[in-house]
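So that we are looking at the same thing, I have put the structure below in structure tokens.
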Amino acid sequence: MKEIPKAYDSVLEKNIYEKWEKSGYFSPEKVEEYLNEKNFEIKKPFVISLPPPNANGVLHLGNTCGYSFHDLLGRFYRMRGYPTLLLPGKDHAGIQTETVFVKILREKGNEKKDLGREKFYKQCYEFCINAAENARNEEKRTGLSADWNREFFTLDPKLTSTVYSTFEKMFKEKLVYRGKRIINFCTNCSTALADIDTTHEHRRGIFAYIRYPFVDKKLGKGIVVATTRPETMLGDTAVAVHPDDKRYKKFVGEKILIPIANREIPIIADRSVDMELGGGAVKVTPAHSPIDFEIGLKHNLEVLNVIDEKGLMTGPIPKKYVGMETIACSKELVKDLDEMGLLEKIEKIDHEVVICERCDTAIQPMVSYQWFVDTKPLAKKALSILEKKETEVLPRGQMKSLQNFYEQIEPWCISRQLWWGHRIPIWYKGGKKKYDESLENPEQKVETEAIFSIESPGEGYEQETDVFDTWFSSGQWPFSTLQNGKTGDFEKYYPTDVMIHGRDILFWWSARMIMLGLYRTGNTPFSKVFVTGMILAPDGSKMSKSRDNTVSPQSIIEKYGADALRLWYYTDSLAGANAPLREEKIKGNRFFVNKIWNASRFVLMNIDDKSIDEVKKYLGKNNFEGEWVKHTKEFEKEIENYVLDYKFHLAAERIREFFWHIFCDEWIEKVKKDATSENLALLVYILKRTLKTMHPFIPFITESVWQELVKLSLAEEMLIIRQKEVV
RNA sequence: GGGCGACUAGCUCAGUUGGAUAGAGCAUCACAUCGACACUGUGAAGGUCAUAGGUUCGAAUCCUAUGUCGCCCACCA
């Protein structure tokens, strides 16, 4: 057996993967066929919809972390007689991909708008399909035993038809509507964003105290309002004070003048005003502040848009300021006010700013017409599913977070002003503008309507230009893929068993999948959500391109092998805890993988040409017993229970302990002193059982060793399909 | 402001329903030196389980406060 190399080389992993792929066992039908042939019981299918990574680039450590768990479960069930389907895909990732692709175009000297919508879409589609190839290879490199014949791209026309029919149903049932609300607008990405697509950040800012004079000079010098965004004063339509505020009570109902803009606005009373803050009076700009928008609704205030979608000043304001950027305008106003003696003071403050999730640009709150999903009734049903435990979230703390999210859910803005995505299938009679105007003035009878249609409904209709929020389509992933795949897939494989992803997308994704899954199929899309921890940079900070601290899964796999990386995930990536990358640990895991290789090598090297027949004879009898066998079977049971309990970290720890410190350090050492054919056969027997137990966790090394056994006719088939019942 | 979670060895974390001397990996130290594996073996050191109370025969584990640190949600002008 001298030809067995001394160290396990993880480069071999590629060959092993090819072997699996060729076998066809990634397909549940093929597994069924096998079970049939061998007369094994065929259990109910085990199914996971794999989270589709962005098609536009490379995988990150978070993607491969999830796959390690998906694949572990998939292999575990496949080896136990469950036809197993891990359904892969790629996500079009709306804003992100559009941004990436626009940049690529620009590098080639092309502009998005010059290409035009259709060409842009087509080229971006091609770009994604090509990039997906890359991502797919990386997925394979982690050992993911997915059924590649069923892979879907989220913009595949088949999936689009499902997304459209969901929208149609919602449209008919009035669960989606076109509404005028204050939304988050990212001036850099040029699109509206849902609340959840934004994040908060501490930034330095100013707090300016500005005096608004009374219209009736007899009342006094006026009221001082404080603001972090002076430029919005041009869009003020009221000044609000607290109704119990003794200082201002008497002015409620009076008129006040916005300086510079020279507009008269009312003084109103509202309980939401904080008497302590900034002098107790607040300027109200319904068009550009969410809280002011609410106040505006309550008091029936006018909404005056003074900032446009590029972040420039606009509207009925003094000409001087039109077209200025907001910050420049703010500075100019402050200067002008100071000259007029109306600027009381400016404080420098540190405050929370809402920024775009994707590009960190400060969000411009804006009032505009968008498409919204009325999420409340959907969330209510989702909540009851959680209460009935039809879907369980692990760990429990995440379950509470999800409940909390559903309880406080707000309407979901699903329209995005992009080209890359599913174009919203709505046509406006007489044009979009006319339709929105009709919403503005419902009392006026105007000949217009918005109708659902995929194709043009005829003359005089204008097509909606917006696309859906990416999550509106990925929220339908578990059923859209199964409804549009092979005939019968949906009936056979839906609902799926478990959803596994990182903590960061629980609300974006699982929350939406549960709501939309229930809405379209009546069933929760999965009975369990397993939330993994977040992979962080070694120093505990987030990995991000801007910080230049990203580590690619590929670089880790090249260095240590996929098995070593997987083992690390099982122990360190537990939800609740973050997982700063620890290369030393992954390295330690590689040592373990090598240990398995060498232990096996030792056993095989001791079986020479003379003894091999005897060993086979003992194996054939298959009547091993004693302490070691008993212990091995207990170990198998333990691992099985840990997996069923989702205690992967305990399983991984136990595997190492058993194989290294019991099998190697004790048992092999003993056999060394008494290497009879019978004892060697016993070791082979235990090794085979143990390889099977370990396979779902570390598929490559275990299959590699198994194939060495096959070469000597000490084992058969492939470990990937080898059933639990047979050794 | 609301929610969730964490605090255990130098570091990253385990520790199931409360039960004997609190564990692992990595790092450290000593010894062994190529005989499956130096990607090794044997052994050692290392902890008032954040703090203070309480429940209990018994608490890292349950309860109550306190502190520190994360994360998420939220309209503080």
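Chain A is the first sequence line, chain B the second, and so forth, proteins listed ahead of strands; every chain is numbered from 1. From a predicted model like this one, the values you see are computed outputs, not experimental measurements. All heavy atoms count here, side chains included; hydrogens, waters and symmetry mates do not.
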Rounded off to whole Å, could you give me the CG-to-P distance for the A:Leu506 and B:rG5 pair?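 So the CG-P distance, A:Leu506 to B:rG5, works out to 14 Å.
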
Given the P atoms of B:rA52 and B:rG5, what is the spacing between them in whole Å?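 One P to the other, the span is 24 Å.
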
Whole Å only: how far is the CG atom of A:Asp504 from the C1' atom of B:rC4?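 Spelled out: CG on A:Asp504 to C1' on B:rC4 is 16 Å.
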
In whole angstrom, give me the gap between the C1' atoms of B:rU51 and B:rG10.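 Result for the C1' pair: 23 Å, nearest Å.
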
Rounded to whole angstrom units, what separation is found between the CD1 atom of A:Ile363 and the P atom of B:rC76?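 It works out to 14 Å between those atoms.
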
Looking for any heavy atom pair under 4.0 Å, which part of the strands does A:Phe405 touch: base, sugar-phosphate only, or nothing?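 A:Phe405: no heavy atom of the nucleic acid under 4.0 Å.
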
How far, in whole Å, is B:rC63 from B:rC4 if one measures between their P atoms?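 Nearest-Å result for B:rC4 against B:rC63 at atom P: 13 Å.
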
If I pick the C1' atom on B:rC73 and the same atom on B:rU8, what distance separates them, to the nearest angstrom?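 Pairwise C1' distance, B:rU8 against B:rC73, rounds to 30 Å.
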
Between A:Thr199 and A:Lys400, just flag the one whose closest nucleotide in RNA chain B comes earlier from the 5' side.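 Residue closer to the 5' terminus by nearest nucleotide: A:Lys400.
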
We want to know whether A:Arg656 and A:Asn589 form a side-chain donor-acceptor pair, criterion being a heavy-atom distance below 3.5 angstrom.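 The answer is yes; a qualifying pair exists.
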
Kindly state whether the ring of A:Phe76 and the ring of A:Phe648 have centres lying under 6.0 angstrom apart.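 Between A:Phe648 and A:Phe76, which both carry aromatic rings, the centre distance is not below 6.0 Å.
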
Kindly confirm or rule out a cation-pi arrangement of A:Arg181 over A:Phe372, judged by NZ or CZ under 6.0 Å from the six-membered ring centre and within 45° of its axis?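 Yes, a cation-pi geometry holds between A:Arg181 and A:Phe372.
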
C1' atoms of B:rA59 and B:rA20, separation to the nearest Å: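 These two C1' atoms come out 14 Å apart once rounded.
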
Distance between P atoms of B:rA74 and B:rU17 (Å, rounded):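 Each nucleotide's P atom is 33 Å from the other's.
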
What is the distance, rounded to the nearest whole Å, between atom CG of A:Leu394 and atom P of B:rU16?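 After rounding, the reported distance stands at 16 Å.
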
For the residue pair A:Ser611 and A:Asp608, confirm or rule out a side-chain donor-acceptor distance under 3.5 Å.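 Yes, because at least one side-chain N or O of A:Ser611 sits under 3.5 Å from a partner of the opposite role on A:Asp608.
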
Could you tell me the separation between the CD1 atom of A:Ile586 and the C1' atom of B:rU12, rounded to a whole number of Å?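 From A:Ile586 CD1 to B:rU12 C1': 12 Å.
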
Nucleotide B:rU12, atom C1' - distance to CH2 of A:Trp568 in whole Å: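 Nearest whole value for this atom pair: 10 Å.
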
Please give the distance between the C1' atoms of B:rC31 and B:rU48 as a whole number of Å.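 Their C1' atoms lie roughly 33 Å apart.
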
Do the side chains of A:Lys672 and A:Glu669 get close enough for a salt bridge, i.e. N-O under 4.0 angstrom?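 Answer for the salt bridge query: yes.
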
Picking from B:rC75, B:rA77, B:rC73, which would you name as closest to the side chain of A:Ile291?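 Of the candidates, B:rC75 comes closest.
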
Can you check the A:Glu294 CD to B:rA74 C1' distance for me, whole Å?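 In whole Å, B:rA74 C1' lies 13 Å from A:Glu294 CD.
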
For RNA chain B, whose closest nucleotide is more 5', that of A:Gln408 or that of A:Ser401?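 Its nearest nucleotide being more 5', the pick is A:Ser401.
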
Where does RNA chain B form stems of at least three consecutive Watson-Crick or G-U wobble pairs, each pair having both distances below 3.5 Å?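 So the stems come out as B:1-7 with B:67-73, B:10-13 with B:23-26, B:28-32 with B:40-44, B:50-54 with B:62-66.
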
With respect to A:Phe658, which candidate in A:Phe592, A:Trp667, A:Phe663 satisfies the ring-ring contact (aromatic ring centres under 6.0 Å, His included) definition?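 Exactly one option meets the ring-ring contact (aromatic ring centres under 6.0 Å, His included) with A:Phe658, and it is A:Trp667.
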
Base, backbone or nothing for each nucleotide of nucleotides 21-39 of chain B, written B, S, -, heavy atoms under 4.0 angstrom, 5' to 3'? ---SBS---------BB-B

With sugar-phosphate meaning primed atoms plus P, OP1 and OP2, does A:Leu650 contact a base, only sugar-phosphate, or nothing at under 4.0 Å between heavy atoms?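 Contact class for A:Leu650: sugar-phosphate only.
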
Between B:rC75 (C1') and A:Arg229 (CZ): distance, integer Å: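 Those two atoms, CZ and C1', are 13 Å apart.
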
Can you confirm whether the side chains of A:Ser510 and A:His501 place a donor and an acceptor under 3.5 Å from each other?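 The criterion, which ignores hydrogens and geometry beyond distance, is satisfied for A:His501 and A:Ser510.
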
Would you call A:Arg582 and A:Glu584 a salt bridge, taking side-chain N to carboxylate O under 4.0 Å as the test?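 No, A:Arg582 and A:Glu584 are not salt-bridged.
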
Determine, for A:Tyr642 and A:Lys647, whether the Lys NZ or Arg CZ falls below 6.0 Å from the six-membered ring centre while staying within 45 degrees of the axis.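 No - A:Lys647 does not lie over the ring of A:Tyr642 by the 6.0 Å and 45° rule.
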
Distance, C1' atom - from B:rA60 to B:rA22, rounded to whole angstrom: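 One C1' to the other, the span is 8 Å.
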
Does atom NZ of A:Lys376 have more than 12 heavy-atom neighbours, drawn from other residues, nucleotides or ligands, at distances under 6.0 Å?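 Yes, NZ of A:Lys376 has more than 12 neighbouring heavy atoms, counting only those of other groups under 6.0 Å.
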
So does A:Lys283 pair up with A:Asp292, basic N to acidic O under 4.0 Å?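 Salt bridge: no.
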
